[in-house]
Colleague: 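Please find one structure pasted underneath; my questions will follow.
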Amino acid sequence: MSKKIGTEAFSRRAFLTSAAMVGAGALAAPALAQSAIDSLINAPQRGDWDDQFDAKAASRTATAVVSNTPILGPQSVPSIQQAIAQYQQIASAGGWPEVSPSQQRLQIGVTDPAVQSLRQRLAITGDLPREAGMSSAFDSYVDGAVKRFQARHGLPADGVIGEFTLKAMNIPADVRLQQLNTNLIRIQTFPEELGRRHVMVNIPAAYVEAVEDGSVATRHAAVVGRLSRPTHLVNSKIYEVILNPYWTAPRSIVEKDIVPLMRKDPTYLEKNAIRLIDGKGNEVAPETVDWNAEKAPNFMFRQDPGKINAMASTKINFYNKNGEYMHDTPQQGLFNKLMRFESSGCVRVQNVRDLTTWLLRETPPWSRQQMEQVITTRVNTPIKLAEEVPVYFVYISAWGMPDGVVQFRDDIYQLDGNAELALDTTATTEQPVQ
């Protein structure tokens with residue numbers, strides 16, 4: 001566990017208090033898990049997958065998890081309490097069956113005995129509709145349910161049972177319940193009112209929400225810090241947007257990355273438009289530096305604005321003691337990865353110009369068109385916001401929505417107290433399980 005992040009106080013008393021509070025509101029109805037399975041068993045048994053093909057099922061269920069309700073807000077606590085009540089019922093009824101790997105790739109069109117336990121698992125958490133039945137066919141209902149499950153867990157919604165999808169499905173219900181209770185305590189630390197306009201970066205979800213008047217105005221995929229160089233939790237304010245920024249390499253990157261690269265390729269700095277600046281502001285020629293010395297040279301490593309700049313077109317500054325910020329990136333392909341925990345602490349934002357347009361909307365005369373014109377000049381242009389915008393970097397790995405959708409994410413920084421919740425999704429792309 002990284003001490004850089006800080007850990008939330010999580011006492012046994014606090015856990016039991018929150019669990020009891022939610023448990024008191026649970027309905028005295030038949031167990032949720034058993035009722036879901038009974039409904040499936042009693043549904044029509046058509047058997048062949050093509051008899052249960054609904055072309056709209058997949059898209060309908062996969063998109064049902066999208067919401068304009070922000071993670072943090074007036075509805076956050078009651079929504080996660082509702083989720084806790086649901087998972088208490090599931091856990092008390094025995095949880096869900098384990099989904100075993102199959103000898104064939106589980107995806108739409110396949111018939112396999114393993115699909116029956118998959119159907120039960122998806123029905124218990126409400127991902128599979130009750131009318132889908134209990135056959136061994138991986139039909140469009142199952143395809144849609146798998147995509148919905150994947151979307152709720154921050155996984156690529158491709159409908160294929162891959163390595164991480166299987167891991168997420170087989171985390172026991174009582175462990176998920178513990179995760180929800182842990183995150184209830186985290187959410188309770190935030191006030192209901194976070195600011196009329198504010199930005200939230202959820203580290204485990206690796207995305208950014210720009211929130212205005214209680215609704216998500218724009219949402220962005222993000223790349224956040226890896227476990228060894230984590231992004232810090234912050235309550236701060238955004239005060240500045242810089243177009244065509246210089247990039248000054250942090251000392252950690254100089255020591256761990258740039259110096260070893262210079263030892264391999266003495267032209268690395270020149271190729272990447274990085275200049276060495278001494279304490280008096282003078283530029284130093286790289287060839288005059290001993291790159292094999294024990295310590296890295298004590299210079300500023302500053303990269304010129306441009307397309308290859310580490311921050312590309314944009315930098316967003318907020319007050320913090322860690323030297324972190326949000327920014328654009330020339331490596332747009334990073335946003336297509338399974339999980340996006342690859343930075344050295346700063347946050348790369350996809351479609352960052354949409355975010356800066358929103359941030360500067362109340363700072364005339366900075367329209368989207370004017371920003372684009374300045375970016376083409378490659379001239380470093382700092383812009384102070386007319387009114388600073390609150391920003392919250394949070395660690396919320398499980399939460400509920402008012403519509404009953406429950407979201408979970410990989411415990412990337414291992415702060416949730418159970419090793420099963422860290423799926424280790426950071427090293428590779430998800431592979432089909434066969």
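Bear in mind the structure is a predicted one, so any value in this text is a computation, not a measurement. Just so it is clear, the values below take in all heavy atoms, side chains as well, and ignore hydrogens, waters and symmetry mates. Numbering starts at 1 and runs along the sequence shown.
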Colleague: Looking only at non-hydrogen atoms, find the nearest pair between N309 and D304 and report the distance.
Modeller: ND2-O, 3.0 Å
Colleague: So which pairs with a foot in residues 357-370 pass salt bridge (charged side-chain N to carboxylate O under 4.0 Å, His left out), sequence neighbours left out?
Modeller: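 Of all non-adjacent pairs touching residues 357-370, those that pass salt bridge (charged side-chain N to carboxylate O under 4.0 Å, His left out) are R196-E362, R197-E362, E212-R361, D354-R368, R368-E372.
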Colleague: In Å, rounded to the nearest 0.5 Å, how long is the span from CD of Q81 to CG of N181?
Modeller: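 If we round to the nearest 0.5 Å, Q81:CD and N181:CG are 10.0 Å apart.
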Colleague: Ion pair present between R409 and D416, side-chain N to carboxylate O less than 4.0 angstrom?
Modeller: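 Judged by the 4.0 Å cut-off on N to carboxylate O distance, R409 and D416 do not form a salt bridge.
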Colleague: What are the two closest heavy atoms between H198 and G195, and how far apart are they?
Modeller: ND1-O, 3.0 Å
Colleague: Is there side-chain contact between R148 and V405, with at least one heavy-atom pair below 4.5 Å?
Modeller: yes
Colleague: What distance do N183 atom CG and I71 atom CD1 have between them, rounded to the nearest 0.5 Å?
Modeller: 10.0 Å
Colleague: Does the side chain of Q150 pick up a donor-acceptor pair with the side chain of D158 at under 3.5 Å?
Modeller: yes
Colleague: Which atom names give the shortest non-hydrogen contact between S67 and M401, and what distance separates them?
Modeller: OG-SD, 3.8 Å
Colleague: Measure the spacing between CG of D328 and CD1 of I242 and express it to the nearest 0.5 Å.
Modeller: 13.5 Å
Colleague: Under 4.0 Å between a side-chain nitrogen and a carboxylate oxygen: does that hold for D410 and K167?
Modeller: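 K167 and D410: not salt-bridged.
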Colleague: Counting N and O atoms only, with roles assigned by atom type, does the side chain of S79 sit under 3.5 Å from a partner on the main chain of S76, one being a donor and the other an acceptor?
Modeller: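 Judged by distance alone, no pair lies under 3.5 Å.
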Colleague: Say whether E324 and T231, considering side chains only, have a donor N or O and an acceptor N or O under 3.5 Å apart.
Modeller: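 The answer is no; no qualifying pair exists.
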Colleague: Could you state the interatomic distance from CE (M311) to OH (Y325), rounded to the nearest 0.5 Å?
Modeller: 4.5 Å
Colleague: What distance do K384 atom NZ and N317 atom CG have between them, rounded to the nearest 0.5 Å?
Modeller: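 It is 7.5 Å, given to the nearest 0.5 Å.
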Colleague: With under 30° as parallel and over 60° as perpendicular, where do the rings of Y239 and Y319 fit, or are they tilted in between?
Modeller: parallel
Colleague: Among L385, V374, T357, which one satisfies side chain to side chain contact (heavy atoms under 4.5 Å, CB included) with W366?
Modeller: V374
Colleague: Using 0.5 Å steps for rounding, measure from the CG atom of D127 to the CZ atom of R152.
Modeller: 4.0 Å
Colleague: Are any of the side-chain heavy atoms of F301 and T248 separated by less than 4.5 Å?
Modeller: no
Colleague: How about V352 and I316: do any of their side-chain heavy atoms sit closer than 4.5 Å?
Modeller: yes
Colleague: Classify the angle between the aromatic ring planes of F393 and F318 as parallel (below 30°), tilted (30 to 60°) or perpendicular (above 60°).
Modeller: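 It falls in the tilted class, 30° to 60°.
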Colleague: I'd like to know whether CD of E287 has more than 12 heavy-atom contacts from other residues, nucleotides or ligands below 6.0 angstrom.
Modeller: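 Counting other residues, nucleotides and ligands, CD of E287 exceeds 12 neighbours.
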Colleague: Please report the closest heavy-atom contact between G404 and Q86, naming both atoms and the distance.
Modeller: O-OE1, 4.1 Å
